[in-house]
Amino acid sequence: MNAQVKTDVVLIGAGIMSATLGTLLKEVAPETSITVFEQLNDVAKESSHELNNAGTGHAALCELNYTAEQADGSVDIKRAININEKFKLSLQLWSYLVKQGRIEKPEEFIQQLPHMSFVQGEKDVQFLKKRYEAMVQHPLFKNMEYSEDREVLAQWFPLMMENRAANTPIAATKVDTGTDINFGELTRKLFKHLQNEQVNIHCNHQVKAFQKTAEGWALTVVNKLTGETFVHHAKFVFIGGGGGSLPLLQKTGIPESHSIGGFPVSGIFLACKNPEIANQHFAKVYGKAALGAPPMSVPHLDTRFVDGKRTLLFGPFAGFTPKFLKSGSIFDLPTSVRPHNLTTMLAASKKNMDLTKYLLEQVKLTKEQRMDELRQFYPNAKSEDWELIEAGQRVQIIKDTPTEKGSLQFGTEVISAADGSVAALLGASPGASTSVQVMLEVLQKCFTDKIPNLDEKLQEMIPSLGKNLAEHPEMLDHIQRGVRESLGLKVLW
Ligand SMILES: Cc1cc2nc3c(=O)[nH]c(=O)nc-3n(C[C@H](O)[C@H](O)[C@H](O)COP(=O)(O)OP(=O)(O)OC[C@H]3O[C@@H](n4cnc5c(N)ncnc54)[C@H](O)[C@@H]3O)c2cc1C
């Protein structure tokens, strides 16, 4: 141990979550000293990297898994409303940061792109129609369009209509105000801003151990380039390790970390960089997940804007590896099983044999079998135009709920110590799109008693905070216009 250092806050991991929390903290309490430790050689290299995720600004404009069909045939849109409201918090913060000059050139991280849902077969067409009828009446989704007309659909997604069988009923919905987001670029911009605010960002530094102190935490950190180990003290620690958050949370030993486990799901995309093809598709088109597939592997054919170029991405195909991070180890899953979560993990593994089997089968798919799935969307797709790329890892939460032992969850959850000295983010869905709402939750859980007038300060940046925008149509309109103007998105209202 050759150095002792101290800051008010340590952020572990340099992904979108730490970047967002650091940015919020510097706005509401600029005097806060912050250090970031990232084990890789740069920021935004794991799930937040642009090619490790799908870059969808999840606003529930196209994702069919956010709206459930009920036993009586009606479609419940509550979850879609909730996700849309959360995404609007993100848009407001990003817009504020651009207006204040904290980050520049929003076009480098956000682009307007129509969001569409696409279904085939009579049963799914009926579902989509009912879903559309339920959604279009709501102020948040009033711009949604629906069509079964093949000529209209050929205008919406020409590539997908070429050589399509005429005898299967098809339908789609479209919302023009969707977005594609380069979360890697956004993360890099936020960290650049934080560096200007005197935040120390140490890449190649891995946090190894936690020791509780009277003031907060003593972290054992290793410099991966020199092999040196040192202790860093902080009053508050945020564990933003992405898939790697669970093992770190377990190392804190806090009671809230008990009986929690993780289940990793990997992803593979098919990518097409051929401009002749990429330039014929301008949308994110989400389909329905296959039977037995986890909700985050809903197939979609997306236009992506990466490094100023248009590419197409299809997938993600889910798969299984025991690693918790793309750069992780095959021992991540086995070593995460501890005496306190053993029964939880066993209960979950018994109940989810079908999912494990499905994921293992997915891993074995050949490129040609994956191309066949793509051809459900784009019948003329040719193998030579597409390459397989490995996406990031998502670690799903396994926990005991009041009604279920070992419940596998597909959302995100903030776990924090009772004294507010440490918080961790587990899970990865809806993910980076709702990073602002999730980090606001961390602030509200751990800083309300430490930062005077926290809510008022946050509301200056995010006017709709604490309000349901759908119930305030004038505010909704005003905020949407302001946000879209400052982020350089086409205003459509
Ligand atoms: C296939 C796929 C598709 C997705 N699609 C979307 C999408 O379309 N829209 C969306 O909004 N979200 C999407 N997501 C989710 C989104 O990518 C994640 O929610 C988000 O990037 C997580 O950010 P993070 O900061 O928590 O983690 P990460 O970006 O993974 O960052 C965590 C960092 O912590 C570091 N770290 C871990 N352990 C340590 C340690 N001990 N010491 C130091 N550093 C450490 C890691 O190296 C890493 O850099 C997708 C994810 C995947 C995998």
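Heavy-atom basis, side chains included; hydrogens, waters and symmetry copies ignored. Each ligand, and each atom within it, is numbered from 1 in the order the structure gives. Note that the structure is a prediction, hence the values are computed from the model and not measured.
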Look at ligand 1 and say whether [X] reaches it with a heavy atom at a distance under 4.0 Å.
X      : value
Lys45  : no
Gly241 : yes
His49  : no

I need the contact type for [X] against ligand 1. Using non-hydrogen atoms and a strict under-4.0 Å cut-off, is it side chain, backbone, both or neither?
X      : answer
Thr187 : neither
Ser245 : neither
Ala391 : side chain
Ile12  : side chain
Met17  : both
Thr412 : neither

Quiz item: Taking all non-hydrogen atoms of both residues, which atom of Asp332 and which atom of Thr335 are closest, and how far apart?
Solution: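 Looks like O-OG1, 3.4 Å.
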
Exercise. Quick one: closest heavy-atom pair of Trp217 and Lys212, and the distance?
Key: CZ2-CD, 3.4 Å

So, [X] and [Y]: side-chain donor and acceptor under 3.5 Å apart, yes or no?
X      : Y      : answer
Ser47  : Asn53  : no
His233 : Glu215 : no
Glu228 : Thr226 : yes
Gln250 : Thr252 : no
Glu27  : Tyr96  : yes
Ser327 : Glu46  : yes
Ser464 : Gln92  : yes
His232 : Thr7   : yes
Asn82  : Lys86  : yes
Arg131 : Thr67  : yes

[X] N/O under 3.5 Å from ligand 1 N/O:
X      : answer
Gly431 : no
Ser18  : no
Pro316 : no
Gly243 : no
Thr56  : yes
Ile16  : yes
Gly267 : no

Quiz item: Taking the minimum heavy-atom distance to atom 17 (O) of ligand 1, which of Ser47, Ala19, Ala14, Ala209 ranks first?
Solution: Ser47

Self-check item: For atom 42 (N) of ligand 1, the option (of Val207, Ile239, Thr179, Ile181) bearing the nearest heavy atom
Solution: Val207

Identity and distance of the protein heavy atom lying nearest [atom]:
atom                    : answer
atom 27 (O) of ligand 1 : Gly242 CA, 3.4 Å
atom 53 (C) of ligand 1 : Gly392 O, 3.2 Å
atom 13 (C) of ligand 1 : Asn53 CB, 3.9 Å
atom 44 (N) of ligand 1 : Gln39 N, 3.1 Å
atom 15 (C) of ligand 1 : Ala428 O, 3.6 Å
atom 49 (O) of ligand 1 : Glu38 OE1, 2.6 Å
atom 7 (C) of ligand 1  : His58 NE2, 3.4 Å
atom 29 (O) of ligand 1 : Ser48 OG, 2.6 Å

Exercise. Hey, could you give me the CD/NE2 distance between Gln195 and His193, rounded to the nearest 0.5 Å?
Key: 11.5 Å

Could you tell me, atom by atom, which parts of ligand 1 come under 4.0 Å of a heavy atom of [X]?
X      : answer
Asn52  : 1 (C), 2 (C), 52 (C), 53 (C)
Ala54  : 3 (C), 4 (C), 5 (N), 6 (C), 8 (O)
Ser433 : 9 (N), 10 (C), 11 (O)
Leu325 : 37 (C)
Phe183 : 9 (N), 10 (C), 11 (O)
Gly240 : 32 (C), 33 (C), 34 (O)
Glu46  : 30 (O), 46 (C), 47 (O), 48 (C), 49 (O)
Leu40  : 47 (O)

State whether [X] and [Y] are salt-bridged, where the test is any N-O pair (Lys NZ or Arg NE/NH1/NH2 against Asp/Glu carboxylate O) under 4.0 Å.
X      : Y      : value
Asp307 : Lys309 : no
Arg375 : Glu368 : yes
Asp176 : Lys174 : yes

Exercise. Quick one: sort the Phe447 and Phe236 rings into parallel, tilted or perpendicular, breaks at 30° and 60°.
Key: perpendicular

Quiz prompt | Stepwise side chain to side chain donor-acceptor pair (under 3.5 Å) test for His58 and Glu63 | solution = CA-CA 8 Å; His58 285 303; Glu63 307 85 342; 2.7 Å; yes

Quiz item: Among Asn341, Ile260, Ile397, whose side-chain contact (heavy atoms from CB on, under 4.5 Å) with Leu246 holds?
Solution: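 With Leu246 as partner, side-chain contact (heavy atoms from CB on, under 4.5 Å) holds for just one option, Ile260.
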
